[in-house]
Amino acid sequence: MNTPVVALFGSTHPSETGPWRPPVPDAAPAVVFYEDLNCAPCRKNPTCNGRFDCLRAITPERVYSAVSKLLQEAVITLPQSIATRVSLP
């Protein structure tokens, strides 16, 4: 698919279940957010009483920034009929 990805990992480790990328130099970028806390990866058996501190540590601002950067770097070609209805930053 060669699609840029922003992936959030909490109770699993990205090296085990992370986004697959083809081993080629021009593969689409993947941004992975993972907080390496003492309890991670808990694999859905949280020791944080279900608060999932690992996910809460990944702020919306960090994710938004990563998505914005990928969109700015991407070469997006939209059909004219869609491009007139979509406002990209």
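Criterion: ILVMFWY side-chain heavy atoms under 4.5 Å apart, direct or through other members. Under it, Val67 and Val5 are not part of a common hydrophobic cluster. The cluster map of Ile, Leu, Val, Met, Phe, Trp and Tyr, joined by side-chain heavy atoms under 4.5 Å apart, puts Leu71 and Leu8 in the same cluster. At a threshold of 4.5 Å between side-chain heavy atoms, the hydrophobic network of Ile, Leu, Val, Met, Phe, Trp and Tyr places Leu70 and Phe9 in two separate groups.
Taking both residues in full, the closest heavy atoms of Ser11 and Cys54 are given as N-SG, 4.0 Å, listed atom of the first, atom of the second, then distance. When all heavy atoms of Ala30 and Pro19 are compared, the closest pair comes out as CB-CG, 4.2 Å. Residues Leu37 and Asp53 come closest through the heavy atom pair CD1-C, 3.9 Å. The two residues Phe33 and Val6 make their nearest non-hydrogen contact at CE1-CG1, 3.8 Å.
By the 6.0 Å contact criterion, CZ on Arg62 is enclosed, its count of non-hydrogen atoms from other residues, nucleotides or ligands being greater than 12.
Residue Glu61 holds its CD atom at 4.5 Å from OG1 of Thr59, rounded to the nearest 0.5 Å. Note that CG of Leu55 is 10.5 Å distant from OH of Tyr34, once rounded to the nearest 0.5 Å. Interatomic distance, His13 NE2 to Arg43 CZ, rounded to the nearest 0.5 Å: 9.0 Å.
One N or O on the side chain of Ser68 and one on the backbone of Tyr64 form a donor-acceptor pair closer than 3.5 Å.
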